[in-house]
Each structure stands twice: as C-alpha cells, then as structure tokens.
Amino acid sequence: MTIETQARPAPREVTSPDAAVLSTVVKRFANAKGEEFTAVNGLDLRIRRGEVVAFLGPNGAGKTTTIDMLLGLTRPDSGQVELFGMAPRQAVRAGRVAAVLQSGGLLPDLTVEATVHMLGSLHPGADPEQVMSRAAVTSLRHRRVAECSGGEQQRVRFALALLSDPDFLVLDEPTAGMDVSARREFWATVREDAGRGMTVMFATHYMEEADQFADRVVMIDRGEVVADGSASSIRAATSGRTVSALIGPGEAAAVAARAAVRSVTRRGERHFFDCTDSDALLRALVTETSATEIEVTPRSLEEAFVAITGPGRTAQEGPR
C-alpha cells in the first residue's frame, strides 16, 4: 500500500500508552440486492504502543473492514477510530502508519530498485537501500516487479512500508506466497522493529505465526471481538485437551462412544481424540484397551480458534 505522505511532524510528548483505539465501531454495507448487513458490530479494541498483535477471524468476520478503517480507507458509520490520538488519514499522511496488504500498490513494469527509490522520494529522510536490505529484496533490485513471485512481491511491499519508518505497521496476510525460509527472515525483521518500539498488527491464516510471534491475539467473529489475550491464555480458556494413542480402529471407536469424546481422527497408526474429560478417556484407554504410546496435549491455537469461532461459540477474554 502506498499513500502520499508529508514530512513527519516533530516528535510529540507521549500522553497515552495506546497506538490505536477503536470505540464502539460499526460499519455496514449493502449487498448486490440492496440488503444491508453489518460487517463490524460495535467493535471495541485498544492496541498499546510496542505490542505485536495477531488479528484473527474466519472469512467474513470483519477483519479487512477493520483494517481498512484503521488505515483511513473507509470510515465507520458510528463509533470512533484513532491512531496516536489522530484520525487515521492524518496519521497515515504524517508517515506514522504503514501497511503491507495482500495485493496492489506495485507497478509491474518497474524494477524493484526503481519502485523503492521512486516511492522513497515521497518520504523525506527515507533510506531506500536500507529498507531493501531489511526486507531482503536487495538481490532482486534489477528484476521487474512482474517477474517476482507472489512471496517476493510481498517482500517488496514490506520494503515500501518501511520507507516512512512508521510507528504502527499493519500487515494483512504478509507472508502469503513466501517459502519457509523467507517467512522466518520476514518475522525476524518484524521482531527487530518491534523491539525498537514499533507497534505491529497482523492478520494471518497461519496460526503458528500468531502463536510464535504475537504478544497478544485478538479473534473476531461476526464483527465482534470474541477472544483477546495471549495465545496461551486463549488456548487455556477453551476446555478440553487432545489425547492420542496407538490403538486399533475398533477399540478407538468403542472407547470414543463411552468416554467424553467429541471427535476421533486417524493419522497413520495413531488416533487423536478431541475430548472434554481427558481423565475419563485416559482411564478407559488404560483399563479397557490395548492402547500404547498414549499422549496428552493442550489444544493448539488453531483448535481453540475453531472452537471459539465455530457454531455455538462463546466469547473468551484473557489478560491484556
């Protein structure tokens, strides 16, 4: 994403610990039939300066609409959005906010070097060579953008986002198309920036990224916050653990019918039981079956996500 900027104002005294505040935000749209629907429904969210926040939700949950309002690309129908005490568009123009979006913002016929240097000219004091190095695109400098892979184009967008040396960086599926090595390098750079005080908010479908790199996880569904806290607190807030064992299909089905088991899946010779009462299941496996190599693990963040945002979900909130 590239937005024309003006020179950044002199540093202001920090009077609030918040980088972003959304207060009772509502955003509605109309579909092709003219029927109105609510994309964001009374959303309340505060993001503190220096936090790395994962912003998660199923498709249609309101993530993109919320991000668009934070970036000043659309306005709420009611409620208020502020970044560093300013309206979003004002914060973006001041160079305090930047974004890496999933698509757009690149001219296919320009080289990577020309793209970064051209847009760097819009940001007084920008160092195009430094941001290309930080985004690991220096080796691509002579390549046309159209010749870059999807993951490489995301790294170019990352370089562009760093040109203004933003205080708040918004990332929408930033590692889509990147291989494992590129993803690792990307997050190492983001962590370095966060360590220097940058606030980072990222939306992703890679749950392991949220688990590994976020200080805080915010889940939304149907335009509302349904979970907010550390990854570990959200996992702990959802009841149940996963029990796995080497066991025959017949015995697995029989014990699942008697114990508090929600579902059973098989991977190779091992069966995985999603249960609400792991103690009862363990007793049944040990005393009533020939199961071996029994293991008990807490829910993964992905399992917690499915439990929280699925049918019959209830809101969970952890410590902030």
Side-chain angles (χ1 to χ4, degrees), residues 1-2 19-20 47-56 63 67 70-71 95-103 105-106 112-113 115-117 119-120 123 125-143 145 148-219 229-235 300-302 305:
M1 173 185 178
T2 304
I47 299 175
R48 291 186 174 89
R49 296 172 189 252
E51 278 190 313
V52 179
V53 179
F55 193 49
L56 310 179
K63 298 192 306 297
I67 288 172
L70 280 169
L71 297 176
R96 304 195 69 179
V97 181
V100 178
L101 303 183
Q102 296 183 58
S103 60
L106 300 176
V112 170
E113 180 180 46
T115 298
V116 178
H117 278 264
L119 295 176
H123 302 272
D127 187 340
E129 292 298 319
Q130 182 192 58
V131 301
M132 283 197 294
S133 175
R134 287 166 65 189
V137 296
T138 303
S139 62
L140 305 175
R141 64 167 64 243
H142 300 304
R143 188 178 301 179
V145 168
C148 295
S149 68
E152 290 168 343
Q153 290 186 14
Q154 281 296 82
R155 284 154 53 193
V156 174
R157 293 186 182 96
F158 183 42
L160 299 181
L162 296 175
L163 283 167
S164 68
D165 190 22
D167 296 314
F168 187 19
L169 183 61
V170 179
L171 309 170
D172 190 9
E173 302 292 342
T175 60
M178 292 186 190
D179 60 28
V180 174
S181 178
R183 286 169 62 189
R184 187 179 297 116
E185 291 177 4
F186 173 85
W187 284 114
T189 301
V190 170
R191 263 299 177 195
E192 289 177 8
D193 290 330
R196 290 191 286 265
M198 180 187 290
T199 305
V200 180
M201 177 180 178
F202 68 95
T204 182
H205 283 99
Y206 297 117
M207 291 295 162
E208 67 273 17
E209 290 186 345
D211 209 346
Q212 293 175 20
F213 300 109
D215 303 320
R216 175 180 165 200
V217 174
V218 176
M219 293 184 184
S230 66
S232 59
S233 70
I234 289 175
R235 288 196 302 268
S300 66
L301 187 61
E302 181 172 354
F305 174 82

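Just so it is clear, the model here is predicted, and its values are computed rather than measured. These values consider heavy atoms only, across backbone and side chains, with no hydrogens, waters or symmetry-generated copies.
Taking R143 as the reference, L140, E147, C148, E152 meet the side-chain contact (heavy atoms from CB on, under 4.5 Å) condition, with sequence neighbours excluded. Checked against ring-ring contact (aromatic ring centres under 6.0 Å, His included), F55 has no partners two or more places apart in sequence or in another chain. Partners of F186 by ring-ring contact (aromatic ring centres under 6.0 Å, His included), not counting sequence neighbours, listed by chain and number: F158. T189 meets the side chain to side chain donor-acceptor pair (under 3.5 Å) test with no other residue; sequence neighbours excluded. In this view, Q102 and D172, E173 satisfy the side-chain contact (heavy atoms from CB on, under 4.5 Å) rule, not counting sequence neighbours. In terms of the salt bridge (charged side-chain N to carboxylate O under 4.0 Å, His left out) criterion, E302 has no residue partners (sequence neighbours excluded). For T115, there are no side chain to side chain donor-acceptor pair (under 3.5 Å) partners at least two apart in sequence or on another chain. For Y206, there are no ring-ring contact (aromatic ring centres under 6.0 Å, His included) partners, not counting sequence neighbours. Residues passing the salt bridge (charged side-chain N to carboxylate O under 4.0 Å, His left out) test with D127: none are found, sequence neighbours excluded. Residues satisfying the salt bridge (charged side-chain N to carboxylate O under 4.0 Å, His left out) criterion with E185, sequence neighbours excluded, are absent altogether.
Interatomic distance, CD of Q212 versus CZ of R184, reported as 9.0 Å (0.5 Å rounding). Interatomic distance, CG of D167 versus CZ of R96, reported as 4.5 Å (0.5 Å rounding). Distance check: L106 CG to L119 CG gives 8.5 Å after rounding to the nearest 0.5 Å.
The shortest side-chain heavy-atom distance between M198 and P166 falls under the 4.5 Å cut-off. The shortest side-chain heavy-atom distance between W187 and T175 falls under the 4.5 Å cut-off. Side-chain contact between V200 and E51 is absent, with no heavy-atom pair separated by less than 4.5 Å. With contacts defined as side-chain heavy-atom distances shorter than 4.5 Å, the pair L71/V97 qualifies. Using a 4.5 Å heavy-atom cutoff, the side chains of Q153 and V145 are in contact. Side-chain contact between L56 and F305 is present, with at least one heavy-atom pair separated by less than 4.5 Å. In this structure, the side chains of M219 and I234 come closer than 4.5 Å at one or more pairs of heavy atoms. Within the 4.5 Å cutoff, side-chain heavy atoms of L160 are placed close to those of V116.
Judged purely by atom type and a 3.5 angstrom limit, S230 uses its side chain to pair as donor or acceptor with the backbone of S233.
If you check the side chains of E209 and T204, you find a donor sitting under 3.5 Å from an acceptor.
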Return all side-chain donor-acceptor pairs below 3.5 angstrom for residues 130-137, not counting sequence neighbours, or 'none' if the list is empty.
unit_1, atom_1, unit_2, atom_2, d
R134, NH2, D193, OD1, 2.5
R134, NH2, D193, OD2, 3.1

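Between R235 and D211 there is a salt bridge, since a side-chain N of the basic residue sits under 4.0 Å from a carboxylate O of the acidic one.
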